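As the structure is a prediction and not an experimental result, all values here were calculated from the model. Naming convention: chains lettered A, B, ... in sequence-line order (proteins, then strands); numbering from 1 in each chain.
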Protein chains: 2
Amino acid sequence: MSPLPSGLLGDLDPTSDRAVFRQIADQLREAIDRGRFREGEKLPSEAELVEHYGVSRMTVRNSFAVLQGEGLVQAEHGKGVFVRPRPPVRRLASDRFARKHREQGKSAFLVEADAVGSHPQVDSLEVKEEKAGPDISARLGSVRRVLARRRRYLLDGRPVEFATSYLPLDIARGTPIAEPNPGPGGIYARLEELGHCLDHFEEEIRARMPSPDEVRTLRLASGVPVIHLIRTAFDTEGRAVEVCDTVMAADAYVLSYQLPAT
Amino acid sequence: MSPLPSGLLGDLDPTSDRAVFRQIADQLREAIDRGRFREGEKLPSEAELVEHYGVSRMTVRNSFAVLQGEGLVQAEHGKGVFVRPRPPVRRLASDRFARKHREQGKSAFLVEADAVGSHPQVDSLEVKEEKAGPDISARLGSVRRVLARRRRYLLDGRPVEFATSYLPLDIARGTPIAEPNPGPGGIYARLEELGHCLDHFEEEIRARMPSPDEVRTLRLASGVPVIHLIRTAFDTEGRAVEVCDTVMAADAYVLSYQLPAT
DNA sequence: CTTGCCCACTCGTCTATACGAGTAGGCGTG
DNA sequence: CACGCCTACTCGTATAGACGAGTGGGCAAG
């Protein structure tokens, strides 16, 4: 095993009270920030760093764990540890549900993906009636059972978003909304056709670390949080006609909103 | 050391191909989810789990590391590992910059905190002229130098948000905006007094893991992401008059927006 | 009673070792 | 040439042991 190029990484400061694995993590982080290791590039292997710093393997692994927790690097079994590439981001504009887009007939997700030249995909569609949880029930105005539409969105094969729409049964049952494919313009177009004229949406946004389930569904690397968005659609009578619960891979999204100053 | 109450945690499945430390993490996670360990409560110590499962200490520590990465628990040196308490959240409504609030004269942050009975605090205020970075410069329309206002917000002593406002020098220099305390209603009120009638705001939202710097400034527990919000204020002439770059502890916030359906 | 020390218990850091398992490339066999 | 095996290198998992450092309670000295 050839030694590391000198100058690439510094030495440890034995007098420092900063833990050795933190010092190593600091040096690697700085090297990444300075571009000495580029996106997708392989970092020195554990064995090389053990050699370079004269520490034990667990110490090196601890420093990698720090960087993984920060979402900076990701390990690939059998290959090495790589600088995590910044994936292309999806920008969600606040007018994405404007009627003008709906009237064009294509789903917002597909239109947008085509626009940036990505290959969009929707899978694991499930449409069924079920009991509403307390939160959903409260948002929809104390309904007991709801129609739930679950689907996962992928961009160029990568899962980026997992969403569930909940609708009161008295609105959705027996309509195209209860079909796997609700038709052009999506369920908002159908709602308007059914006489529920949409007035406005409310969106609640949180960010947190994913559950193990979400890690699996969205194939998330460690150190990647999720954005949890809960949207409620209101008709012109002030009734909540839909709640959409969305979990997004945070590294794939930038949300954008316009607020009036008045 | 007394053994763990039986039934609290299960046994390992040696035939499973799931790693032992993951099995332990799974059991602890489930116990937390089921409420067997409540918020703020202490989990069994490493030594107790070593005893209970008959594994080495590193294995137990690995399982704790998993849960810490998920933001579920946090370790306190010398005391134990505790279920992370969910801190009270600040809700940011999309009308928080509406003129009607501004005209009441108090800063949005202070009003809101008082309303929920928290003790608000603003510290580490820095106001200075500096060179604009490329991103800020682009958002403000190619200005070279800007006035930067940095401050940190605390709720009941806990830092929750760190924000920097950038304003073009031709707008801010020599005005109350360049003072540490810009006066009632904040800088948006001053901007309007100076003839820059505000028209709308644009907000961009991202979520990611914090840098070590942000961990220090916001005193973040491990496994807590940050929400990164960049707001641009536009006047009625369409000019960007301010950019505000905000980093928030994600576990302290819910953002809320209203979107028109038209 | 108060002070200060000590000790037991907690997690934090580090070493050394072992084996398992995924990857990729070389090399020999067919 | 094509296939499959072998091997070297990678990270993943687990053990065992050592010492450091923060916390809090008990206990003894003052």
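If you measure from atom CG of B:D17 to atom P of C:dC19, you get 21 Å, rounded to the nearest angstrom. Taking atom CD of B:E48 as the reference point, atom P of C:dC11 lies 8 Å away to the nearest angstrom. Counting to the nearest Å, the C1' atom of C:dC14 and the CG atom of A:L12 are 12 Å from each other. Atom P of nucleotide C:dT13 and atom CG of B:N62 are separated by 14 Å, given to the nearest angstrom. The CZ-C1' distance, from B:R61 to D:dA14, rounds to 15 Å in whole Å. Here the P atom of nucleotide C:dC11 and the CZ atom of B:F82 are 8 Å apart, to the nearest Å. Between the P atom of D:dA14 and the CZ atom of B:R18 lies a distance of 11 Å, rounded to the nearest Å. Taking atom NE2 of residue A:H77 and atom C1' of nucleotide D:dC11, one finds them 5 Å apart after rounding to whole Å.
For the pair B:E46 and B:M58, both in contact range of DNA chain C, the more 5′-proximal nearest nucleotide belongs to B:E46.
In this structure, the nucleotide among C:dC14, D:dC11, C:dT15 sitting nearest to the side chain of A:V55 is C:dT15. The side chain of A:K79 approaches C:dT23 more closely than any other nucleotide in the set C:dT23, C:dC11, D:dA14.
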Next item on the list: Check step by step if side-chain hydrogen bond (donor to acceptor under 3.5 Å, both in side chains) holds for A:S165 and A:R231.
Entry: CA-CA 9 Å; A:S165 283; A:R231 174 176 53 251; 5.8 Å; no

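Contact annotation: A:S56 does not reach the phosphate of C:dT17 (side-chain N/O to OP1 or OP2, under 4.0 Å). Proximity of B:R57 to the phosphate of D:dG17: no side-chain N or O atom is located under 4.0 Å from OP1 or OP2. At D:dT15, one or more side-chain N or O atoms of B:T59 fall inside 4.0 Å of OP1 or OP2 (strictly under the cut-off). A close approach under 4.0 Å does occur between a side-chain nitrogen or oxygen of A:R22 and OP1 or OP2 of C:dT13.
Between A:R139 and A:D135 a salt bridge is recorded (basic side-chain N to carboxylate O distance below 4.0 Å).
Side-chain atoms of B:E214 come within 3.5 Å of backbone atoms of B:S211 as a donor-acceptor pair (strictly under, hydrogens ignored). Proximity of a side-chain donor or acceptor of B:E46 to a complementary backbone N or O of B:M58 within less than 3.5 Å is not detected.
Taking the six-membered ring where tryptophan is involved, the planes of B:F109 and B:Y153 are tilted, since the angle between them lies from 30° to 60°.
Residue contacts shown for B:F21 are limited to sugar-phosphate atoms, with no base heavy atom under 4.0 Å away.
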